[in-house]
Amino acid sequence: MILHHSESDIVSVSRARQISGTVRVPGDKSITHRAILLGMLAEGRTTVEGWLDAADCRSSIAIAKLLGAQIEVEPDVLHIDGCGGQVTEPSDVLDCGNSGTTMRLFLGAIAGRVPYAVFTGDPSLRSRPMRRVVQPLSAMGASIHQRSNGCAPITVTRSDLESMTYRLPVASAQVKSAILLAGLSTQTGHTVVVEPILTRDHTERLLDGFQAKVNIYEENCERHIAVRGGQTLQGTSVHVPGDVSSAAFLLVAAAIVPGSDLTIVGVGLNETRTGALSVLQRMGADIQLKNVREIAGERIGDIRVRSSSLSGTNIEAEEIPSLVDEIPILSVAAAAAHGTTTVRGAQELRVKETDRITAIVHGLQQLGVDALEQPDGLIIHGNGMIGGGRVDSYHDHRIAMSFAVAALIARHSVEIAHWSAVDISFPTFSTLLKAVADPE
Ligand code: S3P
């Protein structure tokens, strides 16, 4: 396997003989963002061990500092001195870069606290839908303005928020979190988010660690999450597990390259995030979990995967939130498998860092795979064969890494344009892949 980086941000990746060894992947992106944000809001000191040092989380750090947190950045630990809920008016625009989580969560957290702030981001983020948070926050009384197309830049001016009950119209952990965080800044009452389909619950778990009262209950088969307004968070120590969404690239690599045997240690196994593991097992992947334990409110463990022959499967709407970021890499597994794989109810993929349905289908077609776009998903007729050629990441980290994994079994080398997008979530991806892949 050669991973060759050119001046023009194109890498060329070729076949691997096998993937083997024991590795650790970088920290969980969702948990790192939340730990930074809650550490900023809290009273006292928060330490974040194992944080993800990648562009998205650096955006959250820069914003938390502009809002009044003191943050000392060390390679494996962040030390955050929070502002005890009294955020300061930022002296510059809040640039969220490529990070939708940063924009949506900070918007909810500060809408009822900050005198004036402007949120912006890179071209991708400035084309992503923000009404999904602006509309419910406005219903709570927030004073927020966005562009007429519902996108950033967004301005916020201070207003007092009122608690409310909100049923999520899209299964989105970002929207859920934004409303819960806004609920904390209300003076009285409980803010309740109702979610018909379970989405990642790191915010709820971390709030508990920061000593906020969160009440979770089922009613009419729907999960209700309630927070009381006016609570002050207390600084704490957060342990960030390895990101299962990053691990997924290496897992699929080892599942599809014959003769592989790879172990990834210390991976977050929160059940709202492990849908891809279940799907891969259903496809026939040989995956074992070991040393499963709970650390700081999150399930964590080691994952061993050995290559095996895979078959196609159907991925339905209810499963999507638990694997929403893994559909690009699962599509590569589907191309390497025998038989048809369908993904339905995944229209959210069209509003991620890029339109991931188009990006993955188009790229797979370039590599000679029988892949078809659907309005809410895709269909892949896999026959284990992937050709070579040129694909584009469309500046999307997960698309770039998915095609690098496809290249490991491709007949000819694969060139991936706009490779540096991987720095968004997994800057050490190339180094790790080289460490575990034996070149052919
Ligand atoms: C995230 C939630 C997901 C996911 C994103 C991170 C989070 O988005 O795609 O990468 O940290 O809350 P949605 O919940 O909006 O689908």
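Any value given below was found using the heavy atoms of this structure, including those in side chains, with hydrogens, waters and symmetry copies removed. One-based numbering, in listed order, for ligands and for the atoms of each.
A salt bridge links D355 to R350: one of the charged nitrogens lies within less than 4.0 Å of a carboxylate oxygen. Using a 4.0 Å cut-off between charged side-chain N and carboxylate O, R223 and E195 make a salt bridge.
With hydrogens left out, the protein atom closest to atom 14 (O) of ligand 1 is A173 N, 2.7 Å, a heavy atom. Among all protein heavy atoms, the one lying closest to atom 15 (O) of ligand 1 is S172 OG, 2.7 Å. Ranking the protein heavy atoms by distance from atom 1 (C) of ligand 1 puts Q174 NE2, 3.5 Å first.
The CG atom of D325 lies 11.0 Å from the CD atom of E348; values are rounded to the nearest 0.5 Å. The structure places CD1 of I36 at 11.5 Å from CG of L105, a figure rounded to the nearest 0.5 Å.
The R34 neighbourhood of ligand 1 comprises atoms 7 (C), 11 (O), 12 (O), with distances under 4.0 Å to a heavy atom of that residue. Residue contact check: V324 has heavy atoms under 4.0 Å from atoms 9 (O) of ligand 1.
Under the side chain to side chain contact (heavy atoms under 4.5 Å, CB included) test applied with S402, the options I329, V391, L330 reduce to a single match, I329. For the side-chain hydrogen bond (donor to acceptor under 3.5 Å, both in side chains) criterion with S99, the lone passing option out of D95, T102, T101 is T102. When each of L250, D396, V422 is checked for a side chain to side chain contact (heavy atoms under 4.5 Å, CB included) with M401, only V422 meets the rule.
When non-hydrogen atoms are compared, ligand 1 lies under 4.0 Å from neither the backbone nor the side chain of H202.
Residue contacts with ligand 1 include D325, since one of its heavy atoms falls under 4.0 Å from the ligand.
Which of K176, K352, K29 comes nearest to atom 16 (O) of ligand 1 through a heavy atom is settled by distance: it is K352.
Between E348 and ligand 1, not a single N/O pair is under 3.5 Å apart.
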